[in-house]
Amino acid sequence: QVQLVESGGGLVQAGGSLRLSCAASGSIFSINAMGWYRQAPGKQRELVATITTGGSTNYADSVKGRFTISRDNAKKMVYLQMNSLKPEDTAVYYCNADLLVRGSSGRYTNYWGQGTQITVSS
């Protein structure tokens with residue numbers, strides 16, 4: 001069974017830091033782009049950051065300079081280092097990845113993790 005599993009969420013005070021991790025597991029042949037998205041209560045899910053296989057990154061304007069996305073291709077993991085957290089960063093954070101699964105038709109399929117809650121108190 002192919003899945004993405006996030007860890008590292010929790011409660012933190014404003015100005016604090018957290019690091020999210022996401023592990024891809026299962027019969028995965030290859031991983032293309034990976035990323036993090038978030039969804040606050042009453043709002044649509046939004047992009048936080050993405051990273052390509054080669055390490056090129058893209059960030060939402062709201063997190064630039066505070067969050068850093070990275071990945072370990074050998075371990076099939078993606079990370080999100082979050083610094084200078086603000087109450088408006090409170091949301092459920094989701095891992096996302098394009099996976100080429102063994103035994104598939106050769107197409108990458110987009111997968112989501114189950115999400116992890118980040119709460120930033122003021």
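Index from 1, following the sequence. Below, all heavy atoms of this structure are taken into account, side chains as well, without hydrogens, waters or symmetry copies. Computed from a predicted model, the values in this text were never measured in an experiment.
- Screening Val12, Asn83, Leu80 for a side chain to side chain contact (heavy atoms under 4.5 Å, CB included) with Leu18, the sole residue that qualifies is Val12.
- Using a 4.5 Å cut-off on side-chain heavy atoms (C-beta onward), Met82 and Trp36 make no contact.
- Using a 4.5 Å cut-off on side-chain heavy atoms (C-beta onward), Thr53 and Asn32 make contact.
- Within the 4.5 Å cutoff, no side-chain heavy atoms of Val78 are placed close to those of Ile31.
- Thr90 is listed as a side-chain neighbour of Val120, based on a closest heavy-atom distance under 4.5 Å.
- Within the 4.5 Å cutoff, no side-chain heavy atoms of Val2 are placed close to those of Thr109.
- One distance of note links CG of Asn58 with CD1 of Ile51; it measures 11.0 Å at 0.5 Å rounding.
- At a threshold of 4.5 Å between side-chain heavy atoms, the hydrophobic network of Ile, Leu, Val, Met, Phe, Trp and Tyr places Leu4 and Val92 in two separate groups.
- The shortest distance between side-chain heavy atoms of Asp89 and Arg38 falls below 4.5 Å.
- Formation of a donor-acceptor pair under 3.5 Å by the Arg71 side chain with backbone atoms of Thr52 is found in this model.
- In this structure, CD in Gln81 is found 8.5 Å from OG in Ser70, a value given to the nearest 0.5 Å.
- Residues Gly115 and Glu6 share a closest heavy-atom pair of N-OE1, 3.0 Å.
- Using a 4.5 Å heavy-atom threshold, the side chains of Tyr108 and Ser30 count as touching.
- Counting only distance, with no hydrogens or angles, the side chain of Gln13 and the backbone of Ser121 share no donor-acceptor pair below 3.5 Å.
- Rounded to the nearest 0.5 Å, atoms CZ (Phe67) and OG1 (Thr57) are 14.0 Å apart.
- Within the 3.5 Å criterion, the main-chain N or O of Ser25 finds no donor-acceptor partner in the side chain of Gln3.
- When hydrophobic clusters are built by joining Ile, Leu, Val, Met, Phe, Trp and Tyr residues whose side-chain heavy atoms come closer than 4.5 Å, directly or via intermediates, Ile69 is grouped together with Ile118.
- Remark: the backbone N or O of Ser27 is not paired with any side-chain donor or acceptor of Arg102 at under 3.5 angstrom.
- Within the model, atoms CZ of Arg19 and OG1 of Thr68 stand 10.5 Å from one another, a figure rounded to the nearest 0.5 Å.
- Aromatic ring pairs are classed by plane angle as parallel below 30°, tilted from 30° to 60° and perpendicular above 60°; the pair Trp112 and Tyr94 is perpendicular.
- A salt bridge links Lys64 with Asp61; the closest basic N to acidic carboxylate O contact falls under 4.0 Å.
- In terms of modelled atom types and a separation under 3.5 Å, the side chain of Tyr79 and the main chain of Asp72 share no donor-acceptor contact.
- The minimum heavy-atom distance between Ser84 and Arg66, with the atom names listed, is O-NH1, 3.0 Å.
- Side-chain contact between Thr50 and Tyr37: present, with at least one pair of heavy atoms (C-beta onward) separated by less than 4.5 Å.
- Contact record, Pro87 with Ser122: CG-CB, 3.8 Å, taken as the closest heavy-atom pair.
- The CG atom of Leu100 sits 10.5 Å away from atom CG of Asp98, with the distance rounded to the nearest 0.5 Å.
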